[in-house]
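Any value given below was found using the heavy atoms of this structure, including those in side chains, with hydrogens, waters and symmetry copies removed.
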Amino acid sequence: MDDDDISTIYDSTGALVEGCRLPVRMHGTEDWPLAEIVSVKEQECRRIFYVHYVDFNKRLDEWVSEEYLDTRKVQFPRRDATATTASTGVTTPKRILSIPGSVSRPASPTNSEIVNGNTVLAAALQKKINRKRRTQIVIENEESSQDVPDKTPRQSGSMVAHHDDVVTRMKNVKMIELGKHRIKPWYFAPYPQELCQMSCIYICEFCLKYRKSKKCLERHLNKCNLKHPPGNEIYRKQTISFFEIDGRKNKVYAQNLCLLAKLFLDHKTLYYDTDPFLFYVMTEFDSRGFHIVGYFSKEKESTEDYNVACILTMPPYQRKGYGKLLIEFSYELSKFEGKTGSPEKPLSDLGLLSYRSYWAQTILDIFITQNPGPDGEKPQITINEICELTSIKKEDVISTLQNLNLINYYKGQYIVCINREIIDQHKKAMDKRKIRIDSKCLHWSPKDWTKRSKW
């Protein structure tokens, strides 16, 4: 191998562009999963790369420096947006010279290719072509927008997959301070650009207004009269309270709540028309006031019988049973309405886990507490009866029973078989749920939203 080939290996990060895929060492681990480069920028005379780990949740996306990249097998993006391995006809040598002081990298397969000078040139040309194509698309869009009237989607606070462009794929807020908690966001949220440049965004935990500095927040707190969410308190038991906020009557608070939630919900599209939604905020009370723990939103009128649009437990309160408490409260409201309900799709990965766990525990609890029939007959219950007792939608009940492998076909009918192991696991899970919703503490009556004047 001559000096030119060696220098090509060392300088190969110069050929990397947005869309390239290659192994990247994940921070805090020794793993090198495949990652896609989302963005590249210069920082202190060095290039750093914002990467998304393929098949991992986007909350793990991060900025990495050059030494975290394994550049010996790079997949460059093609025009059709699919990745292809850089093909040079040169196989990777079994032994690669390492730079003194650099981070060791995993051994590449013997048939993998390296990036050589031809590939660097090809990548540069491809980047230039892509830049021209993007410019042409922008010009065409500007010309077409003059002829076609602007059509915007119905603005809502519901969970909808957002347009996955480069901007929204990157975390733009470094840190937020909410009450006594400092939280590192998981996803993009459209806070004002000047605030995103700050090392931390300071948020009032009662009205959710955001400020650029600790001093500004302190001045705001001297003027802010709120010690709880601006709505009706419809539930209180011990230190847990729920407040109902109308998205039309308390628009600013609802918008700020959506903005805060977007930091931790990937599939939520943030819009500013909160009028069609109700927000149920769960708080924990102490001597300083009612502190937000989590919330869920709900359409005033849902044609799909959704009883939840978005649902979130704030990160400091996760893994403490609050997520299931939010879900249980949403179904308690459905019981008061005399309806069955289901969460709006798609759910986040954590939300899906919480719902599946809640459905399984609730349905198993119904089975286990059933009394035997006359003459000691085995208890009988229909799917519809389960829906009436729990307010869980029929499709969710059936899918839960299937996931638990409890449904069996025997002598012309479907039966549910529950063994002792499942019962023991259920009892352990229920023992961990220290906090539950008490329907006697809920003071609420459903409204008829079909009369638009009430909006």
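In this structure, a donor-acceptor pair under 3.5 Å is present between the side chains of Glu284 and Tyr322. Inspection of the Asn172 and Tyr187 side chains reveals no N or O donor paired with an N or O acceptor under 3.5 Å. With 3.5 Å as the limit, one finds no donor-acceptor pair spanning the side chains of Arg433 and Tyr358.
With rounding to the nearest 0.5 Å, the separation of CD1 in Ile201 from SG in Cys196 is 5.0 Å. Atoms OG1 and CD, from Thr390 and Glu332 in turn, are 11.0 Å apart once rounded to the nearest 0.5 Å. Rounded to the nearest 0.5 Å, atoms OG1 (Thr274) and CD (Gln255) are 5.0 Å apart. Between the CE atom of Met282 and the CZ atom of Phe242 there is a distance of 5.0 Å, given to the nearest 0.5 Å. To the nearest 0.5 Å, the span separating CD on Glu344 from CG on Asp305 amounts to 12.5 Å. Going from atom OG of Ser213 over to atom OH of Tyr202 covers 7.5 Å, rounded to the nearest 0.5 Å.
The main-chain N or O of Glu421 is found under 3.5 Å from a side-chain atom of Asn419 such that the two form a donor-acceptor pair. In this structure a side-chain-to-backbone donor-acceptor pair under 3.5 Å is present from Arg47 to Leu16. Here the side chain of Ser391 pairs no donor or acceptor atom with the backbone of Thr340 at under 3.5 angstrom. The closest donor-acceptor contact from the side chain of Glu299 to the backbone of Tyr306 lies at 3.5 Å or more, if one exists at all. Thr239 contributes no side-chain N or O that, together with a main-chain N or O of Phe285, makes up a donor-acceptor pair within less than 3.5 Å. The closest donor-acceptor contact from the side chain of Asp31 to the backbone of Pro33 lies at 3.5 Å or more, if one exists at all. When atom types are taken as modelled, the side chain of Tyr50 and the backbone of Lys171 share a donor-acceptor pair closer than 3.5 angstrom. In terms of modelled atom types and a separation under 3.5 Å, the side chain of Ser330 and the main chain of Ile327 share a donor-acceptor contact. Between the side chain of Asn250 and the backbone N or O of Gly231, no donor-acceptor pair lies under 3.5 Å. Side-chain N or O atoms of Asp396 include none that pairs as donor or acceptor with a backbone N or O of Ile392 at under 3.5 Å.
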(request) For His181 and Tyr317, run ring-ring contact (aromatic ring centres under 6.0 Å, His included): C-alpha distance rounded to whole Å, both residues' side-chain angles, the deciding distance at 0.1 Å, then the answer. (result) CA-CA 10 Å; His181 301 290; Tyr317 298 95; 5.6 Å; yes
(message) Between Glu62 and His27, does the side-chain hydrogen bond (donor to acceptor under 3.5 Å, both in side chains) criterion hold? Intermediate values first, please.
(response) CA-CA 9 Å; Glu62 59 185 346; His27 271 124; 2.6 Å; yes
(request) Show your reasoning for whether salt bridge (Lys or Arg N to Asp or Glu O under 4.0 Å) applies to Arg25 and Glu30. (result) CA-CA 7 Å; Arg25 181 184 168 193; Glu30 295 300 322; 3.2 Å; yes
(request) Could you check Glu177 against Arg211 for salt bridge (Lys or Arg N to Asp or Glu O under 4.0 Å), going step by step and ending with a plain yes or no? (result) CA-CA 10 Å; Glu177 184 172 296; Arg211 294 292 181 265; over 6 Å; no
(request) Show your reasoning for whether side-chain hydrogen bond (donor to acceptor under 3.5 Å, both in side chains) applies to Ser354 and Lys324. (result) CA-CA 6 Å; Ser354 296; Lys324 283 195 180 69; 5.9 Å; no
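The minimum heavy-atom distance linking Asn307 with Pro343 is given by the pair OD1-N, 3.8 Å. Counting all heavy atoms, side chain and backbone alike, Ile245 lies closest to Pro229 at CD1-CB, 3.9 Å. The minimum heavy-atom distance linking Phe76 with Cys20 is given by the pair CD2-SG, 3.4 Å. Contact detail for Trp186 and Pro315: the closest heavy-atom pair is CZ2-CG, 4.2 Å. Looking at every heavy atom in both residues, Tyr53 comes nearest to Asp61 through N-OD1, 3.9 Å. Asp70 and Leu22 get closest at one heavy-atom pair: O-CD1, 3.4 Å.
Classification of Lys345 and Glu304 as a salt-bridged pair fails, no side-chain N sitting under 4.0 Å from a carboxylate O. Between Asp246 and Lys300 there is a salt bridge, since at least one side-chain N of the basic residue sits less than 4.0 Å from a carboxylate O of the acidic one. Between Lys251 and Asp275 there is a salt bridge, since at least one side-chain N of the basic residue sits less than 4.0 Å from a carboxylate O of the acidic one. Under the 4.0 Å criterion applied to side-chain N and carboxylate O atoms, Lys427 and Asp365 are not assigned as salt-bridge partners. A salt bridge links Glu36 to Arg169: one of the charged nitrogens lies within less than 4.0 Å of a carboxylate oxygen. Between Glu328 and Arg436 a salt bridge is recorded (basic side-chain N to carboxylate O distance below 4.0 Å).
Using cut-offs of 30° and 60° for the angle between ring planes, the Phe277 and Phe279 rings count as tilted. Classification of the Phe296-Tyr280 ring pair by plane angle, with boundaries at 30° and 60°, yields parallel.
Residues Ile292 and Leu257 form a side-chain contact, since some pair of their non-hydrogen atoms from C-beta on lies under 4.5 Å apart. You'll find the side chain of Tyr253 stays beyond 4.5 Å of the side chain of Lys209, heavy atoms only. Considering only heavy atoms from C-beta on, Lys41 stays 4.5 Å or farther from Arg46 through its side chain.
In the displayed structure, Asp55 atom CG is contacted under 6.0 Å by at most 12 heavy atoms of other residues, nucleotides or ligands.
In this structure, Lys393 forms no cation-pi arrangement with Trp359, as its terminal cationic atom is not both closer than 6.0 Å to the ring centre and no more than 45° off the ring axis.
Aromatic pair His228/Phe243: centroids less than 6.0 angstrom apart.
Each of Gln318, Lys320, Met314 was compared with Pro316 under the side chain to side chain contact (heavy atoms under 4.5 Å, CB included) criterion, and only Met314 meets it.
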